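In the text below, chain A, chain B and the rest are named by the order of the sequence lines, each starting its count at 1. This is a predicted model, so every value here is computed, not measured.
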Amino acid sequence: MPELPEVEHTRKNLDRWMRGARIVEVRTRDDRIVRPMKPASFVKGVTGRVIERIERRGKWLRLLLDDGMSVFTHLGMTGWFERGASTDHPLRFDRVTFELSRKGVTSRVTYVDPRRWGRMVLTKEDLPVWSSLGPDPLDDGIDEAALADKLARRKKRSIKEALMDQKVLAGVGNIQAIEALWKAKIDPRSPAGALTTSDIRAVTRGLRWTIDRTLADLAKGDGGAKNPFKIYGRKGEACPRCGEKLERLTLGGRTTTFCSACQRRLRS
DNA sequence: CGGCATGTTGCGCA
DNA sequence: TTGCGCAACATGCC
């Protein structure tokens, strides 16, 4: 599920579901999600704690506990959180289950993750990867001069790979990069160093556009039946802007949809 | 059955 | 030292 908009949506949910609640019981038998900690140690460490606040940076979430510890969480490719009642049947692919109590009201929040690429790390210190993240487009905004600097230092990388580098901007993933570059009319293969100031402005606007749009879709909460994106996953379909056939290639090991007719290929 | 998947990390090599 | 390409992780779904 998760790129920046989905994780932000998750943060809002967790804030409503968990903030101010006490963790009265935790269950996990999965030794991958909480690695390198043992499941039993994780359970012991969080049981009885009150969740004071939920933060997000890029695709990472952080639950701050009342004893100064934090649970850093990453959803990997297929993780999500779901709320239910303490009496519900366990969910398929449940990995970590929190039984909560707040003002005498009990509830359950379950971390679900079929592929188990997600993480849940209980620690007092900031996770190094959390500290190394670049600015968050939603929380910090996108500073075009700072972005230009970062792109200049990765001048030979494709612009798409550079945007997905979490040290450049935190939270931009495959879909958001594809959609933003389409909006900016820039070919994803263009070297990062070839973008002019106005190209960088166009990319910045493209990112804001796709992030806001995806967030709005999530807020509507309409089951997510079909692909809500303009070009992601639409190889072979007509470009919604110029009508030419959308193409696909691989960049940095990731599938990339684009329109060679209306996305300009920049050269350095 | 084959192919593909919204992410991150670590390794080997130039 | 730095950067790049790629496999690995584990499993579902079309």
Where protein sits on nucleotides 8-14 of chain C, one letter per nucleotide: B base, S sugar-phosphate only, - none, heavy atoms under 4.0 Å: -BBBS--
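Taking the charged nitrogens against the carboxylate oxygens, D88(A) and R108(A) have no contact shorter than 4.0 Å, which rules out a salt bridge. Salt bridge status for K230(A) with E179(A): absent, with no side-chain N to carboxylate O gap under 4.0 Å. Between R57(A) and E55(A) there is no salt bridge, since none of the side-chain N atoms of the basic residue sits less than 4.0 Å from a carboxylate O of the acidic one.
In the hydrophobic clustering of this structure, I54(A) groups with V109(A); members are Ile, Leu, Val, Met, Phe, Trp, Tyr whose side-chain heavy atoms approach within less than 4.5 Å, directly or through other members.
Atom CZ of R157(A) and atom P of dG3(C) are 9 Å apart (whole Å). Between L251(A) atom CG and dT6(B) atom P there is a gap of 13 Å when expressed in whole angstrom units.
Side-chain proximity of Y232(A) to the nucleotides dT6(B), dC4(B), dG5(C) is greatest for dT6(B).
G253(A) comes within 4.0 angstrom of nothing in the nucleic acid, heavy atoms only. No contact: T78(A) has no heavy atom under 4.0 Å from any strand. Nucleic acid contact class of R248(A) (heavy atoms, under 4.0 Å, all strands): sugar-phosphate only.
No more than 12 heavy atoms of other residues, nucleotides or ligands lie within 6.0 Å of NZ in K185(A), so this atom counts as exposed by the packing criterion. Annotation for R19(A): atom CZ does not count as buried by contact number, only 12 or fewer foreign heavy atoms lying within 6.0 Å. Around the CZ atom of R35(A), the shell of radius 6.0 Å holds more than 12 heavy atoms that belong to other residues, nucleotides or ligands.
An OP1 or OP2 oxygen of dT6(B) is reached within less than 4.0 angstrom by no side-chain nitrogen or oxygen of K59(A). Listed pair H74(A) / dG7(B) fails the phosphate criterion, with no side-chain N or O lying under 4.0 Å from OP1 or OP2.
Sequence order on DNA chain B of the closest nucleotides to T255(A) and R119(A) puts T255(A) first from the 5' end.
On the P atoms, dA10(C) is 22 Å away from dG3(B), given to the nearest whole Å.
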Pairing pattern in dot-bracket form [Watson-Crick, G-U; both distances under 3.5 Å; | = partner strand] for DNA chain C: .||||||||.||||
